[in-house]
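In what follows, every chain begins at residue 1, and chains take the letters A, B, ... in the order their sequences are listed.
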2 protein chains.
Amino acid sequence: MSSLAEIARICGVSVGATSKALSGKSGVSEATRQRILSVAAQHNYRPNRLVHAIQSGRSMTVGLTCNDFRDDFSGRIVEGMIEVLYDANYDAVVISWDLCVHEGEKVLRTFAERRVDGLLMFPPADQPSQAYLQELKNFRRPIVVVDQTFVGVEDYDFVGSQDFEGGELATEHLIASGHRKIANLYHRKTSTGRARLEGFRSAMQKHGLVVHEQWMREIQRYGTDEAYAHAKALLSGENPPSAIVAFNDWVAMDVLAAAHDLGLSVPRDVSVVGFADLKLASVVRPRLTTIAQDPLSIGRRAADRLLQMLQAERDASPPGKPMADRVPVKLVVGESSRTIG
Amino acid sequence: MSSLAEIARICGVSVGATSKALSGKSGVSEATRQRILSVAAQHNYRPNRLVHAIQSGRSMTVGLTCNDFRDDFSGRIVEGMIEVLYDANYDAVVISWDLCVHEGEKVLRTFAERRVDGLLMFPPADQPSQAYLQELKNFRRPIVVVDQTFVGVEDYDFVGSQDFEGGELATEHLIASGHRKIANLYHRKTSTGRARLEGFRSAMQKHGLVVHEQWMREIQRYGTDEAYAHAKALLSGENPPSAIVAFNDWVAMDVLAAAHDLGLSVPRDVSVVGFADLKLASVVRPRLTTIAQDPLSIGRRAADRLLQMLQAERDASPPGKPMADRVPVKLVVGESSRTIG
DNA sequence: CTGAAAGCGCTTACAG
DNA sequence: CTGAAAGCGCTTACAG
C-alpha cells in the first residue's frame with residue numbers, strides 16, 4: 001500500500017503539501033493539487049485511518065458484542081445499528097462473539113486496546129463474572145446495552161422492547177378470546193423473560209383470573225428440549241390448559257410440535273401465543289399469533305443513543321442519567337390462537 | 001485512557017524502559033519492572049494497538065462483509081470464523097453490511113483505509129457493480145469468498161458447500177423412495193442454486209428419469225411469496241408431482257405452507273426435501289427432510305484459509321492458485337418425505 | 001540497567 | 001505557495 005511519503009516523493013513535493021492536497025485543505029496551488037491527486041489515484045493511494053484514529057483520539061469504531069445470531073431477530077438489530085453508524089461515518093464495527101470465546105473480559109480488554117469509541121452490548125448468555133463486570137467498569141467509554149439487561153449493568157443505558165406490555169398483550173388477547181385456563185412457559189434467566197412473566201401475571205390479576213401454578217412451567221435450560229417436554233406434559237395432563245403463553249416464538253414452535261406429536265390440533269385443541277415475530281412465525285402453519293418486536297428500531301435507537309453519548313462527550317456536556325428505552329411491541333394475530341366458547 | 005508516557009512520568013523512568021517492562025522484554029531491572037507493572041495496573045493502562053498496527057503494518061484485523069443474517073446459517077458460519085480468528089489473535093473483526101448500505105465499493109475502500117489484513121466475503125445479494133469489482137482488484141490483500149460465488153470473483157479462494165452433490169443427494173433420496181414425478185423449485189441467481197439444480201438434473205438423468213419442464217419452477221425473486229405461489233400452482237395443477245425438491249429450507253417451508261393451505265398433507269400427498277438443515281428444520285412438523293450443510297466448518301475453514309494466506313505472505317512464499325473448498329453435506333431424513341408405491 | 005533518538009504514517013501549526 | 005518540524009503513542013535499535 002503506497003504511503004503519503006511515496007506519493008510526495010513521486011510528485012516532488014513535501015508530505016505536508018501532499019496531505020493538504022489530498023484532504024482538500026487550502027494552501028496548495030491548484031496545479032500541484034491536481035498533479036498530486038492524479039498520482040495518488042494512479043497509485044491507488046488510501047489514507048491510513050489508523051493514524052487518524054491515533055491523532056484524533058477517536059477511532060470512529062464501535063465495539064459490538066453479540067452472544068449469538070440464532071435467528072433474524074439479532075440480525076435485524078445489528079442491521080439497524082450498522083445503518084445508523086454508517087451514516088455517522090462509523091462505518092466499521094469491531095465485533096466479537098463473547099459467548100463463542102468464553103472470555104468476556106478478555107474481549108473487553110481487546111476493545112479497550114483497539115480504542116473503540118463506545119460499546120453496543122448484547123448481554124452474554126450467562127450471568128457475567130465479577131472480572132467481566134470489573135473490566136466493564138474500567139472501560140470508561142459510552143455503553144449501550146441491547147435487548148436484555150443483566151445483574152450488574154443497571155447503570156448503563158439500555159434499549160430493548162416493551163416486554164412487560166407484550167406479556168400483558170399476549171395474555172389479554174387470550175382472555176379476550178374467552179380463555180381462562182392459561183398456561184405459561186416462561187424463562188426467568190433473562191430480563192425479557194421475567195418482564196413478560198410479570199406482564200402475564202398482571203393481566204391475569206387485572207381480569208380476576210387465578211394463575212394456576214401447575215400450568216406455570218419454567219424453562220431452565222433454554223435451547224434444549226425442555227420446553228417441548230413441558231408443553232407435552234401440560235397438554236397430556238389431567239387438566240390441560242386451553243391456551244399457552246410462550247416465552248418466545250421458538251418456544252411457541254415447541255408447543256406446536258408437542259401438540260402435533262400428541263395428535264392435537266392448534267388452535268382447535270389449544271391456543272398458542274409467541275413473542276418476537278420472527279420470519280418463521282408467518283411461514284409456519286398455523287401462522288403464529290405473536291407479539292411483534294421491532295428489532296430494526298431497537299438497533300437504530302441503540303446506535304443513535306450511543307452516538308448521542310459520544311457527541312455529548314465531545315461537547316463536554318455533563319453525562320445524563322442512564323435511560324431505558326423500550327420500543328413498543330404489538331399483537332399480531334395469526335392462526336395459532338382462537339376464540340372459544 | 002492513560003498513555004505510556006504518563007505511566008513513565010509517574011514512575012520516573014523513560015518511556016522506552018516502560019515499554020520494555022510492560023511488554024515483558026529484557027533490559028529492565030526486576031525492581032523497576034514491578035514498579036511499572038503495578039503503576040500501570042493501578043492506572044488501568046491499556047496499550048494502544050492501533051500504534052502497533054501502524055508500526056508492524058499488520059492490523060490483526062480482518063474485514064467481513066455479510067449480506068444478511070437472516071437465519072442461523074450465516075450466524076454459524078461467522079461463529080466458526082470468529083473462533084478461528086480469535087485463536088490466532090485476530091480477535092477483532094471489522095464488519096460491514098454491504099447490502100444494508102448499498103455502497104459496496106465504499107465499504108471496500110473503508111476496509112483498505114482501516115488496513116484490514118484480509119477479507120472474508122459473503123457475496124452481496126445482487127451481482128456487484130463494475131466499480132465494486134474494480135475496488136476488489138485494487139484491494140490486493142488475501143480474500144476468501146464464502147458460501148456463494150458470483151461473476152467476477154472466480155479468481156479468489158472460495159469455501160462453501162457441496163451444493164451439486166447435495167442436489168443429487170436430495171433427488172436420489174426421492175428416487176430411491178419410489179418417486180418419479182419430481183418437481184424442483186430452483187434458484188438460478190445464486191451459484192448455490194445453480195449447482196443444486198445441476199445436481200438434480202444429474203441424478204434424474206443417471207436414473208433415466210425425464211425432467212418435466214412444467215414441474216421446473218424458477219424462483220426469480222427470492223424472499224417474496226413467489227415460491228409459495230409456485231408450490232401452490234404445482235400442487236393444485238392437473239398433474240401434480242409426488243415430490244418437490246426445494247432450493248433450501250425456507251422454500252421447503254413455503255411448500256409445507258402451500259400444501260397445508262390446499263388441505264393437503266405432507267408427506268402423504270407430497271414429499272418435500274429442503275437444503276441447509278436450519279434450526280427450524282427439526283422444530284417444524286413434519287420435520288424437514290433436508291440436506292444438512294455444515295456452516296461451522298465452512299466458517300472455520302474459510303478463516304483457516306485466510307490465515308494461511310496471511311502466513312504465506314509473511315513467509316514471502318509464492319501465492320498458490322486460488323482453490324475452492326467445498327464442505328461435505330449429508331442427507332437428514334425427516335418426516336416431510338416418504339416412500340411411495 | 002537506563003535514556004535519548006529514530007521511525008511507523010499521517011496532520012497541523014509555524015516559518016520562509 | 002511550499003517545506004521543515006513537532007507530535008499522536010508506541011517500539012526498537014543504539015548509546016551511555
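Checking D:dC1, C:dC10, D:dC10 against every side-chain atom of B:Arg115, the shortest atom distance belongs to C:dC10. For A:Leu4, taking side-chain heavy atoms from C-beta onward, the closest of the listed nucleotides C:dT11, C:dG9, C:dC14 is C:dT11.
Smallest separation of non-hydrogen atoms from B:Asp147 and B:Thr192: O-CG2, 3.4 Å. Closest of all the heavy-atom pairs between A:Leu310 and A:Asp117 is CD2-O, 3.1 Å. In terms of heavy atoms, A:Met60 sits closest to B:Arg114 at O-NH2, 2.8 Å.
Sequence order on DNA chain C of the closest nucleotides to B:Gly16 and B:Ser26 puts B:Ser26 first from the 5' end. Of the two residues contacting DNA chain D, namely A:Ser14 and B:Asn48, the nearest-nucleotide position lying further toward the 5' end is that of A:Ser14.
C:dC1 atom P lies 14 Å from atom CZ of B:Arg35, rounded to whole Å. One atom, CZ of B:Arg9, and another, P of D:dG9, lie 13 Å apart when rounded to the nearest Å. The CD1 atom of A:Ile54 sits 9 Å away from the C1' atom of C:dG9 (whole-angstrom rounding). Rounded to whole Å, the distance from CD1 on B:Ile7 to C1' on D:dT11 is 17 Å. Look at CZ on A:Arg49: it is 13 Å from P on C:dC10, rounded to the nearest Å. B:Leu50 has its CG atom 18 Å from the P atom of C:dC8, to the nearest Å. Here D:dG7 presents its P atom at 19 Å from NE2 of A:His52, a figure rounded to the nearest Å. Distance, B:Leu22 CG to D:dT12 C1': 15 Å, rounded to whole Å.
Taking a pair to require two hydrogen-bonding distances under 3.5 Å in either a Watson-Crick or a G-U wobble arrangement, C:dA4 remains unpaired. When Watson-Crick and G-U wobble pairs are counted only if both distances are under 3.5 Å, C:dA13 pairs with no nucleotide at all.
By the neighbour-count criterion of 12 heavy atoms within 6.0 Å, atom CD of A:Glu30 is densely surrounded, having more than that number from other residues, nucleotides or ligands.
In terms of modelled atom types and a separation under 3.5 Å, the side chain of B:Asp294 and the main chain of B:Ser297 share a donor-acceptor contact. Panel note: side chain B:Asn44, backbone A:Asn138; a donor-acceptor pair is recorded below 3.5 Å.
In terms of polar N and O atoms assigned as donor or acceptor, the side chain of B:Gln55 never comes within less than 3.5 Å of the base of C:dG9 in a complementary pairing.
For B:Ser56 and D:dT11, the shortest distance from a side-chain N or O to OP1 or OP2 is not below 4.0 Å. Within the structure, every side-chain polar atom (N or O) of B:Thr32 is placed at least 4.0 Å from both OP1 and OP2 of C:dC1. Within the structure, a side-chain polar atom (N or O) of B:Lys25 is placed less than 4.0 Å from OP1 or OP2 of D:dT12. Taking only side-chain nitrogens and oxygens, A:Tyr45 never comes nearer than 4.0 Å to OP1 or OP2 of C:dG9. The shortest distance between the side-chain N/O atoms of B:Ser19 and the OP1/OP2 oxygens of D:dT11 is below 4.0 Å.
Taking the P atom of each, C:dG9 and D:dT2 are spaced 25 Å apart, rounded to whole Å. Comparing the same atom, P, in D:dA4 and in C:dG7 gives a spacing of 15 Å after rounding to whole Å.
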